[in-house]
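Read through the structure below, which is laid out as structure tokens, and then see the notes.
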Amino acid sequence: QVQLVESGGGLVQAGGSLRLSCAASGRPISTVHMAWFRLAPGKEREFVAAISASGTTTYYADSVKGRATISRDSAKNTVYLQMNTLKPEDTAVYYCAAARYGTLQGMAVNSYSSVDYWGQGTQVTVSS
């Protein structure tokens, strides 16, 4: 079992930055693929970014490519999402996720079957 706890959300002005954190417990993040998703009001859950269990591969949604960086600290068993140049359309609840198997692309396109663990989410609100 893996527990995921997100933090770092908040209210930020457009153009600003935030760094979200996802603290994992229960197993090392080096044994699972980790990802961030987001859910905005009235929209479907959207993949944001993922990092492989090895930490050597990352994958981003086109909507955040160039503005987001996913990284991890294995010593802290924590994954981060740095978001820059935030836009009002980035407003959403951001969720951390972990998958024991599959690929990063698989997490992106079929999270319902590929993700094994979800966090509770952290709200990010970007004002215009």
Side-chain angles (χ1 to χ4, degrees):
Q1 192 74 6
V2 176
Q3 291 78 43
L4 304 172
V5 179
E6 302 94 334
S7 62
L11 175 64
V12 63
Q13 287 190 329
S17 299
L18 274 179
R19 188 177 80 156
L20 306 181
S21 300
C22 172
S25 59
R27 68 188 288 167
I29 58 174
S30 59
T31 65
V32 290
H33 301 318
M34 299 291 295
W36 289 92
F37 291 80
R38 64 188 182 186
L39 181 61
K43 295 186 177 181
E44 300 216 344
R45 185 167 60 201
E46 178 189 18
F47 167 79
V48 178
I51 186 166
S52 62
S54 65
T56 58
T57 304
T58 57
Y59 185 63
Y60 296 93
D62 288 342
S63 58
V64 302
K65 200 171 292 183
R67 301 189 297 122
T69 303
I70 188 170
S71 63
R72 71 179 197 182
D73 184 334
S74 296
K76 295 182 178 180
N77 220 38
T78 298
V79 175
Y80 304 98
L81 180 69
Q82 176 72 40
M83 292 282 292
N84 301 321
T85 320
L86 284 160
K87 306 174 182 179
E89 51 263 44
D90 293 319
T91 295
V93 178
Y94 283 70
Y95 296 91
C96 181
R100 293 173 295 168
Y101 309 109
T103 65
L104 302 187
Q105 292 81 356
M107 289 183 80
V109 301
N110 197 3
S111 63
Y112 290 97
S113 62
S114 60
V115 171
D116 297 300
Y117 309 103
W118 292 97
Q120 294 299 306
T122 185
Q123 176 71 47
V124 172
T125 303
V126 183
S127 64
S128 56

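- Salt-bridge check for D62 with K65: passed, with a basic side-chain N closer than 4.0 Å to an acidic carboxylate O.
- A continuous path of Ile, Leu, Val, Met, Phe, Trp and Tyr side chains, each step under 4.5 Å between heavy atoms, connects I70 with V124, placing both in one hydrophobic cluster.
- A distance-only check finds no donor-acceptor pair linking the side chain of N77 to the backbone of A23 [under 3.5 Å].
- What you find for I51 and T58 is that their closest heavy atoms are CG1-CG2, 4.0 Å.
- At least one side-chain heavy atom of S111 sits under 4.5 Å from a side-chain heavy atom of W118.
- Between V32 and A98 the shortest heavy-atom distance is CG2-CB, 4.1 Å.
- Both I29 and L4 are part of a single hydrophobic cluster, where members link through side-chain heavy atoms under 4.5 Å apart.
- Hydrophobic clustering, with ILVMFWY side chains joined whenever heavy atoms are under 4.5 angstrom apart, keeps Y117 apart from V93.
- Y80 and L86 fall into different hydrophobic clusters, where Ile, Leu, Val, Met, Phe, Trp and Tyr are joined by side-chain heavy atoms under 4.5 Å apart, directly or via other members.
- Taking every heavy atom of both residues into account, A68 and Y60 meet most closely at O-CE2, 3.3 Å.
- Each of N84, V48, L81 was scored for a side chain to side chain contact (heavy atoms under 4.5 Å, CB included) with V64, with one residue passing: V48.
- The residue from R45, M107, R100 that alone fulfils the side chain to side chain contact (heavy atoms under 4.5 Å, CB included) condition with V115 is M107.
- The minimum heavy-atom distance linking A14 with S128 is given by the pair CB-CA, 4.3 Å.
- In this structure a side-chain-to-backbone donor-acceptor pair under 3.5 Å is present from H33 to G102.
- Residues S17 and T85 come closest through the heavy atom pair OG-N, 4.3 Å.
- Looking at every heavy atom in both residues, A35 comes nearest to F47 through CB-CE1, 4.3 Å.
- R72 places a side-chain N or O within donor-acceptor distance of the main-chain N or O of A53, the cut-off being under 3.5 Å.
- Proximity of a side-chain donor or acceptor of D73 to a complementary backbone N or O of T78 within less than 3.5 Å is not detected.
- In this structure a side-chain-to-backbone donor-acceptor pair under 3.5 Å is present from T91 to V126.
- Applying the side chain to side chain contact (heavy atoms under 4.5 Å, CB included) test between Y95 and each of E6, Q120, R38 identifies E6 as the sole match.
- Listed for the T56 side chain is no donor-acceptor partner under 3.5 Å among the backbone atoms of S54.
- Residues W36 and Y59 are members of separate hydrophobic clusters, defined by side-chain heavy-atom contacts under 4.5 angstrom among Ile, Leu, Val, Met, Phe, Trp and Tyr.
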M83/V12 under side-chain contact (heavy atoms from CB on, under 4.5 Å): CA gap, chis, key distance, verdict: CA-CA 11 Å; M83 292 282 292; V12 63; over 6 Å; no

